[in-house]
Amino acid sequence: MSATTSFAQCSRIYYNCDASSQNHQTTGKRNENRNLVINRRFPKPARLILHDPSKLNEPSSLTRALRDFADSGLMEDALNLFDEMNKTDTFLWNVMIKGFTSSGLYHEALSFYCRMVCTGVKADSFTYPFVIKSAAGASLLLEGKTVHATVIKLGFFDSDVYVCNSLVSFYKKLGCVWDAEKVFDEMPERDIVSWNSMVSGFLAVGDGVRSLVLFKEMLRCGFEPDRFSIISVLGACCYMDWSRMGKEIHCYAIRSGVQAGDDVMVLTSILDMYSRYGEVSYAERVFKGMRNRNVVAWNVMIGCYARNGRVVDAFLCFQKMSEQPDVITLINLLPACEILEGLTVHEVHGYATRRGFLPHVVLETALIDMYGGCGKVKSAEAVFNRMAQKNLVSWNSMVAAYVQNGENYSALALFQELWDSSSSLVPDSTSFASILPAYAESLSLREGRQLHGYIVKARYDGSNTIILNSLVHMYAMCGDLEDARKCFGQVVFKDVVSWNSIIMAYAVHGFGRVSVCLFSDMIASRVSPNKSTFASLLAACSISGMIDEGWEHFNSMKREYGIDPGIEHYVYMVDLIGRTGNLSSAMRFIEDMPFVPTARIWGSLLKASRNHNDITVAEFAAEQVLKIEHDNTGCYVLLMNMYSEAGRWEDVNRIKLLMKSQGVAKTTSRSIVETRGRTHVFTNGDRSHVETNKIYEVLDIVSRMVDEEEDSYVHCVSKMRPETLLKRRSNSHREHSVRLATCLGLISTETGSAVLVRNNTRICRRCHEFLEKTSKVTRREIIVGDSKIFHHFSNGCCSCGNYW
DNA sequence: ATAGGGTTAG
């Protein structure tokens, strides 16, 4: 018989029988309950040295001995002694129940309570807090509610502040804050504990606002916050990102002396708060001022350095640690490894193994994240596959690791496995947020839409911010700006990610003006921008050629928002400056920036030099790119195209040979167009489609309509190069994959709707021109996504303004 | 003799 059943039975007995019949019933029951208790694993029975063996017979000594046993967690000894004692004394039962409760033996505590009730011993106001705490500890909602009913029924205790406080904490622990609040509201008198419980209760369910409101109400009612109040309310401040309030509380703690010179827990909470706000120097000051530092304080300080990018300090702090590191130390240290690349993750992993910290679900999940974050997807996979236990978070992390490293099909397979769920796990909002970028990357809009359908059908909260944010991103990157906008509209609580996503969405579609307006809306709605916000905003300005605004925002980042520009912001600025054609100014900008230039920085310069036809700068930029990434295909191709346009055929051949020697192959250009239920993929000059004839017929008609002056191009080239090569190259653009896909799109999608094509490479100039004209003569909107941005061709113009 | 607290992965 389980403790639960016996509890339910006892409750029934208690309600239905009068005292005499209760006594009658218990004789058999008692032994059953005792067996149950004794059969549980207890700490090894130890002989406790009693104060004076000769006084064992005196009642008070026995009682004292029982208390000593119970307080030391020696419950078997306590039980043996208890059996010899007078069982009508409520106090002795309370000692036993308390003993079980504080040893974490919640089921035994409840069984003992049942036994007590069945024996006819009256429970008192000291009994119930333990019983209720045990019900909470064992997560027995129904049993707890039964006790609640009993307490009300008995009428003596439902106004007892201790009993009520334990009920509040019971409901809070089981996630029923509203029930907790009801008990709290109906309490005839409340003490500081009641208030503290509710403040932390609201925080636990993520309602930081209510938590803070309640805290203020508590102050209004004249309660002085104690250390527990401070700790809870600081949590709420962090959660709500209200740094001013947090600092005020810190001041209050100092003033009121709650901090009491050296309360480790309070100080650690304050330390953690500054860490989360990114105020490293404040955190350091608090940490240095601590006289006693336990392992938790060290962990928080290490985590503070690690999460705020102070990698070296994180490791130094780890070395200086005066306490033995634990699992959490390593979990906190790991984010620092991501910046230092994979090697250190391996080292921490090895250290964890040597110290015997593994297996450990959270640490393993953190390792998966870190391996995934520094491109070691195989190592992440190895950790995941060897995990003894996996929870939903582990699955989500592995899916995210695949997605981050472009292994979208592996990600999808794993997500599918999770979805089909031979495991009993159910995908949550994070699962969807992890898999959705895979659809944005390489899978189809149709499938992304399908997944959206599943999410809606599976009744995930339609206003879930995390899911909607990823949907905004997915739709935008799949080319459907309209649906991205709709999803954004559905977000009730728009967070910084929501705004960043929609700003980036309009940016990559070439509507930078809209992005800038959205940024103003964001500021107006009092959401603070972060680094990514400015990355999106600068992307918008550079893609749409908004030079002055770009500079303005770049300068305001630090000045008005205190955000230091990162390398990603410099990349967009090089793009922006490069657009003006002032390449020497772009070079100076690169020289002056506080970072070592990355391949992407030089890539931006390369793109600018291509767009302004400056071969000298292009050669320099390409050289820099190849120093860092010798296998950067795009770089070779771009340079080759520039040489060939200039008629420098020896150089074209030189690059070709170079590519061959480096083992770099030109990326095969692919264009994808989706029709009802099917995805069609085209390569250049592709003739494999079932409707090839029709497609080429359409291409022919459209080409005539747009009256493409192919000859002028061929002529200008033919003056400079041999006949033989000319033949092979001259007309190839006419059958570029993007045109084939567009033609199929024109005849297989609804008239009036836009044709959507996705390309894995940059569109060539001639195709861009072709598409502009096609949009005019066919009166259709054509949207083409290339490797970087979306081109909206409409009525002869493109949203990119002819710069890409 | 009674209730309330701090650190970790997404």
Side-chain angles (χ1 to χ4, degrees), chain A residues 63-64 66-67 70-71 90-99 101-102 124-133 136 157 160-170 172-173 180 190-201 203-204 226-235 238 263-273 275-276 294-304 306-307 323 326-335 357 360-370 372 390-401 427-434 466:
Chain A
T63 306
R64 195 186 218 157
L66 189 73
R67 254 176 56 198
D71 286 349
T90 302
F91 176 75
L92 296 182
W93 289 88
N94 288 352
V95 169
M96 290 303 290
I97 295 173
K98 184 203 169 200
T101 306
S102 43
D124 64 9
S125 61
F126 290 101
T127 319
Y128 285 105
F130 297 125
V131 174
I132 295 164
K133 189 183 179 181
F157 311 124
D160 183 288
V161 71
Y162 286 93
V163 174
C164 288
N165 283 344
S166 57
L167 280 168
V168 169
S169 116
F170 163 78
K172 182 191 86 176
K173 278 182 192 151
R190 304 183 190 108
D191 64 6
I192 185 85
V193 178
S194 330
W195 288 95
N196 289 347
S197 296
M198 277 320 293
V199 171
S200 72
L203 180 62
D226 63 4
R227 51 196 297 268
F228 297 102
S229 326
I230 301 284
I231 289 165
S232 300
V233 82
L234 279 176
C238 284
D263 186 322
V264 194
M265 283 183 191
V266 171
L267 286 170
T268 306
S269 301
I270 294 168
L271 176 62
D272 182 49
M273 174 188 77
S275 157
R276 281 167 202 271
N294 59 13
V295 67
V296 180
W298 282 97
N299 288 351
V300 175
M301 196 61 227
I302 290 169
C304 171
R307 78 163 78 198
E323 303 287 318
D326 60 9
V327 184
I328 296 173
T329 315
L330 298 189
I331 294 168
N332 277 328
L333 187 61
L334 271 173
F357 288 147
H360 184 281
V361 195
V362 179
L363 180 56
E364 284 162 318
T365 306
L367 283 168
I368 293 173
D369 278 336
M370 290 308 123
K390 296 183 188 111
N391 59 21
L392 188 57
V393 184
S394 333
W395 282 79
N396 291 348
S397 292
M398 194 59 228
V399 170
D428 66 353
S429 52
T430 309
S431 319
F432 292 115
S434 305
I466 296 173

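Numbered from 1 within each chain, the chains take letters A, B, ... in sequence-line order. These numbers come from a predicted model, not from an experiment.
Within 4.0 Å (heavy atoms only), Ser232(A) reaches no atom of the nucleic acid at all. Counting any heavy atom pair closer than 4.0 Å across all strands shown, Asp326(A) reaches no nucleic acid atom. Asp191(A) comes within contact range of at least one nucleobase, with a heavy-atom separation under 4.0 Å. Residue contacts shown for Asn294(A) include a base, since a base heavy atom lies under 4.0 Å away. Nucleic acid contact class of Phe91(A) (heavy atoms, under 4.0 Å, all strands): base. Within the 4.0 angstrom heavy-atom criterion, no nucleotide atom of any strand lies near Leu330(A). Contact annotation for Lys172(A): backbone-only contact, meaning every heavy-atom pair under 4.0 Å involves sugar-phosphate atoms and none involves a base. Note on Arg190(A): nothing from the nucleic acid sits closer than 4.0 angstrom, heavy atoms only.
Of the candidates dT2(B), dA9(B), dG6(B), dA9(B) carries the atom nearest the Ala366(A) side chain, counting heavy atoms from C-beta on. Closest to the side chain of Val300(A), out of dT7(B), dA1(B), dT8(B), is dT7(B). Of the candidate nucleotides dT8(B), dT2(B), dA1(B), dA1(B) has the atom lying nearest to any side-chain atom of Arg67(A). Among dT7(B), dG4(B), dA9(B), the nucleotide with an atom closest to any side-chain atom of Asn391(A) is dA9(B). Relative to the side chain of Lys98(A), the nucleotides dG4(B), dT8(B), dA1(B) differ in distance, and dA1(B) lies closest. Closest to the Asp226(A) side chain, of the nucleotides dG6(B), dA3(B), dG4(B), is dG4(B). With dT2(B), dG6(B), dG4(B) as the choices, the nucleotide that has an atom nearest any side-chain atom of Ile192(A) turns out to be dG4(B). For Val193(A), whose side chain is taken as the heavy atoms from C-beta onward, the closest listed nucleotide among dT7(B), dG4(B), dT8(B) is dG4(B). Considering only side-chain atoms of Asn165(A), the nucleotide from dG4(B), dA9(B), dA3(B) that sits closest is dA3(B). If you check dA9(B), dT7(B), dG4(B) against the side chain of Lys173(A), the one that comes closest is dG4(B).
Between Glu364(A) and Lys390(A) there is no side-chain heavy-atom pair separated by less than 4.5 Å.
Rounded to whole angstrom, the span from the CG atom of Leu271(A) across to the C1' atom of dT7(B) amounts to 10 Å. The interatomic distance linking Trp298(A) (CH2) with dG6(B) (C1') rounds to 18 Å, in whole Å. The distance from atom CD1 of Ile97(A) to atom P of dT2(B) is 14 Å, rounded to the nearest whole Å. The CD-P distance, from Glu323(A) to dT7(B), rounds to 18 Å in whole Å. Asn196(A) has its CG atom 11 Å from the P atom of dG6(B), to the nearest Å. Nucleotide dG6(B) holds its P atom 21 Å from the CD1 atom of Ile302(A), rounded to whole Å. Between Leu203(A) atom CG and dG6(B) atom C1' the separation is 12 Å, expressed in whole Å. The CG-C1' distance, from Asn332(A) to dG6(B), rounds to 13 Å in whole Å.
Side-chain N/O atoms of Arg276(A) include one lying less than 4.0 angstrom from OP1 or OP2 on dT8(B). Close to dG4(B), at under 4.0 Å from its OP1 or OP2, lies no side-chain N or O of Arg227(A).
Taking Lys98(A) as the reference, Asp71(A) meet the salt bridge (charged side-chain N to carboxylate O under 4.0 Å, His left out) condition, with sequence neighbours excluded. Contacts of Trp93(A) classified as ring pair (Phe, Tyr, Trp, His ring centres under 6.0 Å), with partners at least two apart in sequence or in another chain: Phe82(A), Phe112(A).
Atoms CD1 and CZ, from Ile466(A) and Phe432(A) in turn, are 12.5 Å apart once rounded to the nearest 0.5 Å.
Each of Asn332(A), Asp272(A), Thr329(A) was checked for a side chain to side chain donor-acceptor pair (under 3.5 Å) with Asn299(A), and the lone residue meeting it is Thr329(A). When each of Ser434(A), Ser431(A), Ser429(A) is checked for a side chain to side chain donor-acceptor pair (under 3.5 Å) with Asn396(A), only Ser431(A) meets the rule.
Leu234(A) approaches Met273(A) most closely through the heavy-atom pair CD2-SD, 3.5 Å.
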